[in-house]
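The chains referred to below are lettered A, B, ... by the order of the sequence lines, with proteins before strands, and numbering in each begins at 1.
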Protein chains: 2
Amino acid sequence: MVQFNTARLDAAFAALSDPTRRGVLEHLGRKDASITELADRFRMTLTGMKKHVGVLEQAELVETEKIGRMRICRLGPRRLEDEAAWIERFGRIWDARFDALDDVVEDLKRKEQAHGRRKGKRIRPR
Amino acid sequence: MVQFNTARLDAAFAALSDPTRRGVLEHLGRKDASITELADRFRMTLTGMKKHVGVLEQAELVETEKIGRMRICRLGPRRLEDEAAWIERFGRIWDARFDALDDVVEDLKRKEQAHGRRKGKRIRPR
DNA sequence: ATTAAACTGAACCATATGGTTCAGTATATA
DNA sequence: TATATACTGAACCATATGGTTCAGTTTAAT
């Protein structure tokens with residue numbers, strides 16, 4: 001099984017937990033931008049936006065470069081592969097859990113039929 | 001394009017940003033557990049663990065039921081589909097972004113050949 | 001009927017987060 | 001050279017987070 005870098009996952013998921021930062025990522029997906037442009041678009045002070053960009057940089061999701069008097073921001077090299085992988089693995093665990101539960105249900109059904117009894121069934125929760 | 005529930009994404013990503021909570025999710029994937037069991041396993045007070053479970057419940061990733069004097073915790077109905085979808089979409093945007101960049105590079109290459117010049121190339125970052 | 005186990009809630013603590021304002025510095029532009 | 005633009009850093013603020021302790025309540029076991 002793959003081993004995850006905990007601190008990196010922490011940072012990336014935390015970075016993604018804010019709507020402004022997700023918005024910045026989507027924006028940078030379309031077009032590089034300066035701090036001023038991002039601050040305008042997300043109606044926030046320069047300083048506030050700079051903090052968000054800082055969080056995204058820490059998580060390595062964005063990289064920035066100072067050009068003249070402005071700092072341009074662009075998407076970083078990470079494509080959220082680890083985060084996708086973690087979630088995918090969780091999905092498999094989740095499936096296994098509820099498949100196992102289905103097996104139990106199946107097993108109960110068979111016993112019911114064998115003994116001619118009847119009980120409430122719990123099926124895979126929605 | 002799919003519309004995401006912002007508050008839900010916020011809550012889920014925030015829930016995933018803590019290693020203890022990710023651990024709890026993995027644990028519950030294998031086996032339901034009481035607060036005490038989880039607190040023991042993650043070396044934390046009952047109260048501390050209860051807070052984590054509360055966060056996971058808020059994000060609808062875990063559900064709990066009080067049985068007798070203990071509260072059992074199990075995986076909730078959500079499989080992190082929306083979070084996976086958001087990340088996947090980001091991946092596509094990311095690809096498009098760097099594919100566009102590759103086009104620029106290709107374009108530059110053609111011009112270089114045409115003019116017989118030579119310049120540093122920026123290729124798709126690692 | 002006691003005692004132990006399992007949880008719950010309030011209060012506290014240190015640190016982080018998401019924002020702001022204000023006072024700079026550095027770079028472009030007129 | 002003077003002025004405007006773009007950012008930067010420090011300080012502040014309110015609220016959230018991740019933990020703790022302590023004092024209960026409810027339920028189970030002896």
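Side-chain atoms of A/R22 come within 3.5 Å of backbone N or O of A/L16 as a donor-acceptor pair. Panel note: side chain B/E26, backbone B/G23; no donor-acceptor pair is recorded below 3.5 Å. Of the possible polar contacts, none joining the A/W94 side chain to the B/L80 backbone as a donor-acceptor pair under 3.5 Å is found.
Rounding to whole angstrom units, CZ of residue A/F42 and C1' of C/dT20 are separated by 19 Å. With rounding to whole Å, B/H52 atom NE2 is found 11 Å from D/dT17 atom P. Distance, A/M44 CE to C/dT21 P: 12 Å, rounded to whole Å. A/L46 has its CG atom 14 Å from the C1' atom of C/dG19, to the nearest Å. Counting to the nearest Å, the P atom of C/dT17 and the CZ atom of B/F13 are 17 Å from each other. Rounded to whole Å, the distance from NZ on B/K50 to C1' on D/dG24 is 13 Å. Rounded to whole Å, the distance from CD on B/E37 to C1' on C/dA6 is 11 Å. The interatomic distance linking A/M49 (CE) with D/dT8 (P) rounds to 13 Å, in whole Å.
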Quiz prompt | Nucleotide-resolved protein contact map, nucleotides 24-30 of chain C, B/S/- at heavy-atom distance under 4.0 Å | solution = ---BSS-

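Counting only heavy atoms from C-beta on, A/T45 has its side chain closest to C/dT20 among C/dA6, C/dG18, C/dT20.
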Quiz prompt | Residues B/I93, A/R30; criterion side-chain contact (heavy atoms from CB on, under 4.5 Å); working and verdict | solution = CA-CA 7 Å; B/I93 293 177; A/R30 291 193 298 279; 5.6 Å; no

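Residue A/Q58 qualifies as open at atom CD: its count of foreign heavy atoms under 6.0 Å is 12 or below.
B/M44 is not listed as a side-chain neighbour of B/L38, based on a closest heavy-atom distance of 4.5 Å or more. A heavy-atom distance below 4.5 Å is found between the side chains of B/R79 and A/D95.
Both B/R43 and A/K51 sit near DNA chain D, but only A/K51 has its closest nucleotide nearer the 5' end. Toward the 5′ end of DNA chain C lies the nearest nucleotide of B/I72, the other residue of the pair A/G48 and B/I72 mapping further downstream.
Residue B/I35 is in sugar-phosphate contact alone, with no base atom involved, counting any heavy-atom pair closer than 4.0 Å across all strands shown.
With hydrogens and angles ignored, a donor-acceptor pair closer than 3.5 Å exists between the side chain of B/T47 and the base of C/dG9.
Within the structure, every side-chain polar atom (N or O) of A/R71 is placed at least 4.0 Å from both OP1 and OP2 of D/dA6.
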